[in-house]
Amino acid sequence: MASITQNLSHAAERKAVELIVDQILKHRETATDREKFYLQLVDWAQMFFGKAATPERMDAVRAAIQNPDNRWFKYINKILDEADPHYAKVTLMNLGYEAFFRGTKMIRANREKYHCNIPWLILFDPTSACNMHCVGCWSGTYGAKHNLTFEDMDKIVTQGKELGTYLYLMTGGEPMVRWNDIKKLAAKHNDCEFAMFSNSTLITEDVRKDVVKLGNITYFLSIEGTPETNDARRGQGHYDACMRAMDLFKKYGIIFGTSICYTKDNIDAVTSEDFLRFISSKGARYGFYFHLMPVGNNAVPSLMPTPEQRKMIIEKIRYYRSKDCDLEFYPMDFQNDGEYVGGCIAGGRNYFHINSSGDAEPCVFIHFSNSNIHENSILEMLQSPLFMAYHEGQPFNRNQLRPCPMLENPDLLREMVAKTGAHQTNEESPEEVDHLCDKCDEYAKAWAPVADELWAEETHKKPSYENYTKEKRENPDLAAFEHKDGTDEIKLDKDYVKEEF
């Protein structure tokens, strides 16, 4: 009976949000028309989240909506105006209502209930097969040896939704190799949002038609700067394939982004303002930057950026997101945005990875596991020894410019793998933890003083919600930030800096 009541409540709630979304998409002519429906959505969100939505925070959102010069609401309006109406509506309902609103509330409740990490998104590999062989990429050498069945993928999504996870990302290999099963999965779970990291080469006119019809699939297209810098690592002709996919998506109103791996050789090209303005003109509206990781026996550690280059990309990306820049593109840096997400998000804290053999890995770059989708439920994966070691260890560094237990704190990954008895799961060829971490030791040592200097120069805000263990939240000697009792200041080692709101 309780389940029926909950389902009816969910359906009624979704319908109420859908009516507001319909009005937002209907009133495309002027920002003023749309503004009142944005404000209705804020009122609903404040009621939905209750005490978690502080009046100060919600009033700040209202002020931004009512400011005609606010960069980010102009950006949101542009995306909605460009998108196919059906596609935009499904995205707003699934990514907005189900994932951001309802899913977030469910996830936070389940973290308290199960005393473990519950992720906001799950990343999985439909296949190990890839039609490309990019330099320094482990997955290009897997071959078509491993695949998740449709039933495996359906199990992942079905059980994930029960915990509150409504966003699913796919990588590989090249996920488009499994397009028929993926579109079947998206159709069955039409209340979820799916995204693929794709090399673009298998995106066709027929794929485009399916994507618009379904409405709940988006893409991160791999690209690395100019034709020369891109094809030097990814292979001749890849740049042109990416351009064709972008043109197709833009023409038919499909919202998409980019996936950019930055290396010592391409970092200037992929961070130039001209490059970002170019891909924005092609229709890309957001993108992830990924630091090259020395993972696997196929790795090329010499391609890792220098500390000076990493410092430079931090400065550039933060400028591109500032009020001083009018770029119609939102860049996110997986390695350097730790402060905004509380450090490492892996191990299920905000996400985890299931490879094409079904192994649950804490991160797409950390190939070690205690559990597998063929024998374990999603909840059992999250409560496995290695994942619980992540849960108890996060944050791994007070300086969240050094968030990773592999790249910047390799001794911590060595310790967790040894303590939990996790086995290696690299599908290219076996790689034990010492072999992996040995490639990170010198890098971590070189980056530490640069990162510490940058961190000490900045003012840091304490997030309103931190998914750390109760012990980490309450013990100032263990928490990521140390607080002065009775003040609104944050302690950073021996120094104090005023928090800015």
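Only heavy atoms go into these numbers, but all of them, side chains included; no hydrogens, no water, no symmetry mates.
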Rounding to 0.5 Å, atoms CE (Met106) and CZ (Phe101) come to a distance of 16.0 Å
Answer yes or no: is there a side-chain heavy-atom contact under 4.5 Å between Phe396 and Glu408? no
Between Arg14 and Glu98, does any side-chain N to carboxylate O distance fall below 4.0 Å? yes
With Trp120, the ring-ring contact (aromatic ring centres under 6.0 Å, His included) member among Tyr351, Tyr166, Phe100: Phe100
One thing to verify: whether Lys184 and Asp210 come together as a salt bridge, which I'm taking to mean a side-chain N less than 4.0 angstrom from a carboxylate O. no
Report yes if the side chains of Phe194 and Asn94 come closer than 4.5 Å at any heavy-atom pair, otherwise no. no
Find out whether Glu224 and Val270 are in side-chain contact, i.e. whether some heavy atom of one side chain is under 4.5 Å from a heavy atom of the other. yes
How long is the span from the NE2 atom in His367 to the CG atom in Asp359, to the nearest 0.5 Å? 10.0 Å
For the rings on His353 and Phe124, is their centre-to-centre separation under 6.0 Å? no
Arg310 side chain to Met304 backbone, donor-acceptor under 3.5 Å: no
NZ/NE/NH1/NH2 to OD/OE distance under 4.0 Å, Arg102 and Asp191: no
State whether a side-chain donor-acceptor pair under 3.5 Å links Ser198 with Glu174. yes
Verify the distance criterion only: is there a donor paired with an acceptor across the side chains of Asp274 and Ser272 at less than 3.5 Å? no
When rounded to the nearest 0.5 angstrom, what is the spacing between CG in Leu121 and OG1 in Thr165? 8.0 Å
Tell me whether Lys183 is salt-bridged to Asp206, with the criterion being a basic N under 4.0 Å from an acidic carboxylate O. no
In the structure I gave you, are the side-chain heavy atoms of Glu328 and Arg285 within less than 4.5 Å of one another anywhere? yes
First locate atom NE2 of His189, then atom CE of Met153, and finally report the distance between them rounded to the nearest 0.5 Å. 10.0 Å
I want to check a possible cation-pi pair here: Arg208 against Phe249, using under 6.0 Å from ring centre and within 45° of the ring axis as the test. no
Please report the closest heavy-atom contact between Asp125 and Leu148, naming both atoms and the distance. O-CD1, 3.2 Å
Side chains of His86 and Asp84: do they bring a donor and an acceptor to under 3.5 Å? no
To the closest 0.5 Å, what do you measure between OG1 (Thr201) and CG (Leu221)? 10.5 Å
Does the plane of the ring in Phe288 sit parallel, tilted or perpendicular to the ring in Phe197? Use 30° and 60° as the thresholds. tilted
Check step by step if salt bridge (Lys or Arg N to Asp or Glu O under 4.0 Å) holds for Lys78 and Glu82. CA-CA 6 Å; Lys78 182 174 180 64; Glu82 292 174 336; 3.4 Å; yes
Would you indicate whether the side-chain heavy atoms of Glu13 and Phe48 approach each other to under 4.5 Å? yes
Indicate whether the side chain of Asp333 and that of Tyr340 have a donor and an acceptor atom separated by less than 3.5 Å. no
Measure the CD1-CD1 distance between Ile378 and Ile122 for me, rounded to the nearest 0.5 Å. 4.5 Å
Arg277 and Asp326: salt bridge (Lys or Arg N to Asp or Glu O under 4.0 Å), yes or no, with the steps? CA-CA 10 Å; Arg277 290 193 182 279; Asp326 64 351; 2.6 Å; yes
Are Val212 and Ile254 side-chain neighbours, meaning at least one heavy-atom pair lies under 4.5 Å? yes
Electrostatic pair Lys89:Glu18 at N-O distance under 4.0 angstrom: yes
Going by an N to O cut-off under 4.0 Å, is there a salt bridge joining Asp43 and Arg62? yes
Candidate list Phe220, Trp72, Tyr219, test ring-ring contact (aromatic ring centres under 6.0 Å, His included), partner Tyr286, passing option: Phe220
Student check: side-chain heavy atoms of Phe352 and Tyr390 closer than 4.5 Å: no
With the side chain counted from C-beta on, respond yes when Arg108 and Phe49 share a heavy-atom pair under 4.5 Å apart, and no when they do not. no
Go through the side-chain N and O atoms of Asn147 and Thr127 and say whether any donor and acceptor fall under 3.5 Å apart. yes
